[in-house]
**Q** 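Below is the structure I would like to discuss, written out as structure tokens.
Proteins get letters first, then strands, A, B, ... in listed order; numbering begins at 1 in each.
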Amino acid sequence: MIAKEIVEGIGPIEGVAALEVAGGYINARLDRGLYGRSAVAPDSSAVAARPGKIIVEHTNINPNKAAHIGHLRNAVLGDTFIRILRASGHQVEAQNYIDNTGVQVADVVVGFHFLEKKSPAEVAELARTTRFDYVCWDLYARVGTYYAEHPNAVEWRKATLHEIEAGHGDLNEIGHIVADAIVECHLATMRRLGITYDVLPRESEILHLEFWAAAFELLKEREAIYLETEGKNAGCWVMPGSSFDENKEEEDSKVIVRSNGTVTYVGKDIAYQMWKFGLLGKDFHYALLKEYADGHKIYVSTTEPSEHEPAFGKGTQVYNVIDSRQSYLQDVVVAGLRQLGFTEQAEKSVHFSYEMVALTPRTCAELGLELSEEDKQRSYVEMSGRKGLGVKADDLIDKLIETAQKEVDPRHPEAPAEERRAVAEAIATGALRYFLLKFTRNTVIAFDFQEALSFEGDTGPYVQYAAVRARKILSKLVEQGGELPDFSEALPAAALSRQLADDGLWQLLLAISKIGKAIDGAVNSGEPAHVARYAFQLAQSFNNFYHAYPVLTEENAEKRALLLWMTGYFREQLEQTLTVLGISVPVYM
RNA sequence: GCGCCCAUAGCUCAGCUGGAUAGAGCGUCUGGCUACGAACCAGAAGGUCGGGUGUUCGAAUCACUCUGGGCGCACCA
């Protein structure tokens with residue numbers, strides 16, 4: 001009733017062909033010719049640059065062992081979100097924090113020095129000649145079991161941490177050899193997936209440049225923390241529980257400085273978060289760590305100035321890609337900023353959280369890992385670096401390439417081996433990135449080899465395949481001596497109106513033109529999975545089109561022009577979407 | 001004990017700020033390759049959205065509650 005009155009009273013709208021009443025709803029039918037025309041001959045599609053700089057910190061792997069699939073989820077989420085932000089016009093800085101002086105590195109040092117009795121020179125030799133991140137992976141697990149059996153061995157860790165902090169001695173030297181070598185391994189692993197960084201801020205510089213001291217003074221001055229005089233935390237500087245959770249009381253206070261005067265992890269993190277916003281009053285110096293063939297440079301923090309050092313930090317918004325298990329600590333960090341009076345920055349601090357990657361019992365069995373009866377009943381089992389329980393990133397990538405190669409080789413026996421290898425790599429990394437992105441962030445991924453190695457259905461290769469098919473149609477056209485018409489001439493609004501009366505084609509056009517919406521949605525919700533989902537739907541629409549509308553054999557000239565234009569438009573939009581996802585399109589499949 | 005998260009088809013997951021007959025993929029069953037290459041497509045079967053109460057014209061979506069899972073809650077990082 002009301003709907004009918006509205007329809008009758010509203011009058012004609014530009015671009016809308018008809019309004020219909022349907023069971024209390026009003027359906028607007030777009031003018032297909034006009035809509036199509038705006039896609040064939042767009043006015044201007046440049047994305048406007050946005051003010052400010054967004055810092056996205058991700059990866060952050062302890063440099064003491066090989067990266068595993070949990071780390072990959074972090075890095076792929078972070079890297080993709082960066083690409084999404086950049087696609088929507090933001091200036092973004094990719095940071096990867098390196099804790100090269102922490103307990104995890106110290107434990108591997110303990111392994112080399114106390115268990116294996118190796119000198120720094122011998123460790124350096126190992127780093128050069130072996131699959132070092134794998135060696136450390138095993139050693140770290142060994143140290144873990146050793147601690148469990150010899151509780152006193154924790155003294156070794158203490159001694160090691162002490163030397164590393166003081167900055168001298170064999171233990172310190174081994175620590176830096178290990179951390180530097182493992183960082184190189186991680187960078188190489190991530191590079192295989194197209195992931196890179198702008199700057200690597202390291203804990204060693206945070207320590208030597210005394211970032212903490214500056215933050216400590218400010219925290220005391222603004223009374224964000226106080227010296228506890230009684231109870232279990234007597235002698236410690238603590239942040240009251242009420243600062244980060246209104247339901248908390250004094251007894252839930254968080255220790256920031258221990259009674260022995262050393263700072264806790266959270267305290268250091270507050271100082272670091274302040275630096276990211278340019279609030280600390282201190283800064284790093286930088287050195288060029290590496291430069292890739294494509295010109296991309298990665299800088300690393302240093303204590304001494306060098307020539308031509310770029311400026312990092314001073315962000316207006318900060319995303320910390322950290323798994324959801326650390327949400328409590330992230331809350332404390334943000335509360336620290338707020339208590340210091342930096343309310344704006346506190347609001348611009350986003351814990352970009354995601355659930356862990358666990359393993360299915362079946363995958364554990366395939367890896368030869370023994371599980372308790374209890375674990376076998378679970379739907380997934382948590383990974384543990386300390387126990388050496390996990391799937392190494394490079395092993396998984398290798399396995400994916402191997403699997404892809406088995407599909408590629410028989411399809412293209414005549415192609416050069418090198419080219420087939422490149423195709424297999426594109427498929428493997430596309431499959432992996434897509435697999436990690438298709439789940440929304442707060443879904444626990446129960447990793448399963450069979451599922452991850454699949455190239456059919458809702459997978460990266462499915463999407464790549466659609467893109468390859470679109471390219472193939474266009475290249476076949478040229479091969480047959482044809483050429484692309486000038487669509488702006490060949491497809492005036494009237495022609496589009498005629499051709500788009502076909503619902504199948506109209507639906508495809510609607511699907512293709514929604515990329516901007518998908519990206520905006522992903523930015524607003526912080527959900528890269530939206531873009532992955534859009535890519536899949538787009539590929540589905542195209543595969544459908546591919547079967548329903550033979551392009552090159554179409555005899556009606558106007559329709560053929562439309563089909564060719566659609567193919568090209570699809571190809572363009574899908575490739576753009578895949579680029580945002582960090583997935584490349586192989587030359588053939 | 002307190003806090004956060006999750007529960008949707010046999011399995012794995014979507015479902016954005018509540019809106020029309022709840023969607024994919026896998027698996028199962030039927031069909032489709034002398035081809036713009038089937039890593040594909042078409043079709044079928046399969047769900048009282050964990051239970052309950054409430055708010056609303058309207059709830060998978062919001063609130064409360066119960067049940068069953070997961071993860072946190074150190075002078076560890």
**Q** Counting the atoms with a prime plus P, OP1 and OP2 as sugar-phosphate, which does A:Q464 contact under 4.0 Å by heavy atoms, base, sugar-phosphate, or nothing?
**A** nothing

**Q** Looking only at the side chain of A:H530 (C-beta and beyond, no hydrogens), which of the listed nucleotides B:rG25, B:rG15, B:rC36 gets closest?
**A** B:rG15

**Q** Report the nucleotide, chosen from B:rC73, B:rA77, B:rA24, that has the shortest atom-to-atom distance to any side-chain atom of A:L329.
**A** B:rA77

**Q** State, without any angle test, whether A:Q273 and A:S349 hold a side-chain donor-acceptor pair at a distance under 3.5 Å.
**A** yes

**Q** Mapping A:M356 and A:V255 to their closest nucleotides on RNA chain B, which lands nearer the 5' end?
**A** A:M356

**Q** Respond yes when some side-chain nitrogen or oxygen of A:Y265 is under 4.0 Å from OP1 or OP2 of B:rA77, and no when none is.
**A** no

**Q** Quick check with a 6.0 Å cut-off and a 45 degree axis cone: is A:K438 positioned over the face of A:F435's six-membered ring?
**A** no

**Q** I want to verify a distance call: between B:rC75, B:rA74, B:rC40, whose nearest atom is closest to the A:K254 side chain?
**A** B:rA74

**Q** Paired with B:rA45 by Watson-Crick or G-U wobble geometry, both distances under 3.5 Å: which nucleotide is it?
**A** none

**Q** Starting at CD of A:E527 and ending at C1' of B:rA14, how long is that distance when rounded to a whole Å?
**A** 11 Å

**Q** Does B:rA39 have OP1 or OP2 sitting under 4.0 Å from an N or O in the side chain of A:Y588?
**A** no

**Q** With a non-hydrogen cut-off below 4.0 angstrom, is A:N524 in contact with a base, only sugar-phosphate, or nothing?
**A** nothing

**Q** Would you classify A:V408 as touching base, sugar-phosphate or nothing, given that sugar-phosphate means primed atoms plus P, OP1 and OP2, and contacts are heavy atoms under 4.0 Å?
**A** base

**Q** B:rC36 phosphate, OP1 or OP2: any side-chain N/O from A:K472 under 4.0 angstrom?
**A** no

**Q** Return no unless some side-chain N or O of A:T443 is found under 4.0 Å from OP1 or OP2 of B:rA7.
**A** no

**Q** Is the centre of the A:Y146 ring less than 6.0 Å from the centre of the A:W156 ring?
**A** yes

**Q** What's A:D323 touching, base or sugar-phosphate or nothing? Going by heavy atoms closer than 4.0 Å.
**A** nothing

**Q** For B:rC2, which nucleotide is its Watson-Crick or G-U wobble mate, given both distances must be under 3.5 Å?
**A** B:rG72

**Q** Below the 4.0 Å mark, does B:rA38 have OP1 or OP2 next to a side-chain nitrogen or oxygen of A:R469?
**A** yes

**Q** How far, in whole Å, is B:rU21 from B:rU12 if one measures between their C1' atoms?
**A** 25 Å

**Q** B:rA74 and B:rA63: how far apart are their C1' atoms, nearest whole angstrom?
**A** 35 Å

**Q** Select base, sugar-phosphate, or nothing to describe what A:H412 touches, counting heavy atoms under 4.0 Å on all strands.
**A** base

**Q** Tell me what A:V103 touches on the nucleic acid: a base, only sugar-phosphate, or nothing, going by heavy atoms under 4.0 Å.
**A** sugar-phosphate

**Q** Should B:rA7 form a Watson-Crick or G-U wobble pair with both distances under 3.5 Å, which nucleotide is its partner?
**A** B:rU67

**Q** Under the rule for side chain to side chain donor-acceptor pair (under 3.5 Å), what residues qualify as partners of A:S259, not counting sequence neighbours?
**A** none

**Q** Counting only side-chain heavy atoms from C-beta out, which of B:rC36, B:rC71, B:rC73 sits nearest to A:Y328?
**A** B:rC73

**Q** Using a cut-off of 4.0 Å on non-hydrogen atoms, how would the nucleic acid contact of A:Y462 be classed: base, sugar-phosphate, or nothing?
**A** sugar-phosphate

**Q** Remember a base hit wins even if backbone is also touched, and classify A:S327 as base, sugar-phosphate or nothing at under 4.0 Å, heavy atoms.
**A** nothing

**Q** So what does A:Y354 hit on the nucleic acid, given a heavy-atom distance under 4.0 Å: a base, only sugar-phosphate, or nothing?
**A** nothing

**Q** Between B:rC64 and B:rU55, how many Å separate the two P atoms, rounded to a whole number?
**A** 15 Å

**Q** Heavy atoms under 4.0 Å, any strand shown: does A:A539 hit a base, just sugar-phosphate, or nothing?
**A** nothing

**Q** Under 6.0 Å from the six-membered ring centre of A:Y272 and within 45° of its axis: does the NZ or CZ of A:K276 meet both?
**A** yes

**Q** Expressed as a whole number of Å, how far does the P atom of B:rG47 sit from that of B:rG23?
**A** 14 Å

**Q** Considering only B:rG25, B:rG37, B:rU12, which nucleotide approaches the side chain of A:F536 most closely?
**A** B:rG25

**Q** Checking A:R202 against A:E205 for the salt bridge (Lys or Arg N to Asp or Glu O under 4.0 Å) test, could you report, in this order, the C-alpha distance in whole Å, the side-chain angles of both residues, the deciding distance, and whether it holds?
**A** CA-CA 6 Å; A:R202 296 187 298 196; A:E205 280 72 43; 3.0 Å; yes

**Q** Start at the 5' end of RNA chain B and walk down; is the nucleotide closest to A:F455 or to A:R441 reached first?
**A** A:R441

**Q** What is the distance, to the nearest angstrom, from the CD atom on A:Q537 to the P atom on B:rG25?
**A** 11 Å

**Q** Quickly work out the A:E479 CD to B:rG37 C1' distance and round it to whole Å.
**A** 12 Å

**Q** Would you say a side-chain N or O of A:N544 is under 4.0 Å from OP1 or OP2 of B:rA42?
**A** yes

**Q** Can you tell which of B:rA77, B:rA39, B:rA14 lies closest to the side chain of A:T440?
**A** B:rA14

**Q** Taking pairing as Watson-Crick or G-U wobble with both contacts under 3.5 Å, can you name the mate of B:rA38, or confirm there isn't one?
**A** none

**Q** Checking contacts here: which listed nucleotide (B:rC36, B:rU12, B:rG72) is nearest the side-chain heavy atoms of A:R325?
**A** B:rG72

**Q** Please check the phosphate of B:rG25 (OP1 and OP2 only) for any side-chain N or O of A:Q540 closer than 4.0 Å.
**A** yes

**Q** C1' atom, B:rG54 versus B:rA14: distance in rounded Å?
**A** 28 Å

**Q** Please measure how far the P atom in B:rA9 lies from the corresponding atom in B:rA42, and state the result in whole Å.
**A** 24 Å

**Q** Please measure how far the P atom in B:rA24 lies from the corresponding atom in B:rC41, and state the result in whole Å.
**A** 12 Å

**Q** Distance check: side-chain N/O of A:N442 vs OP1/OP2 of B:rC6, anything under 4.0 Å?
**A** yes

**Q** Strictly under 6.0 Å, is that where the ring centroids of A:F352 and A:F81 end up?
**A** yes

**Q** If you measure from the Lys or Arg side-chain nitrogens to the Asp or Glu carboxylate oxygens, is any gap between A:E347 and A:R338 under 4.0 Å?
**A** no

**Q** What does A:L477 touch in the nucleic acid at a heavy-atom separation under 4.0 angstrom: a base, only the sugar-phosphate, or nothing?
**A** nothing

**Q** Side chain of A:H547 only, heavy atoms from C-beta on: which candidate in B:rA39, B:rC75, B:rC40 is closest?
**A** B:rC40

**Q** Just to confirm, is there a sub-4.0 Å distance from OP1 or OP2 of B:rA39 to any side-chain nitrogen or oxygen of A:R411?
**A** yes

**Q** At less than 4.0 Å, is any side-chain N or O atom of A:R378 found next to OP1 or OP2 of B:rG70? Yes or no.
**A** yes

**Q** What I want to check is whether the side chains of A:S324 and A:S327 have a donor and an acceptor closer together than 3.5 Å.
**A** no

**Q** Does a salt bridge link A:K387 with A:E382, judged by any charged N lying under 4.0 Å from a carboxylate O?
**A** no

**Q** Taking OP1 and OP2 of B:rC75, is either one under 4.0 Å from a side-chain nitrogen or oxygen of A:N233?
**A** yes

**Q** Picking from B:rA38, B:rU12, B:rG72, which would you name as closest to the side chain of A:Y465?
**A** B:rA38

**Q** What distance, rounded to whole Å, do you find between the two P atoms, one in B:rC16 and one in B:rU61?
**A** 11 Å

**Q** Under 4.0 Å between any heavy atoms, over every strand shown, what does A:Q104 touch: base, sugar-phosphate, or nothing? Just pick one.
**A** nothing

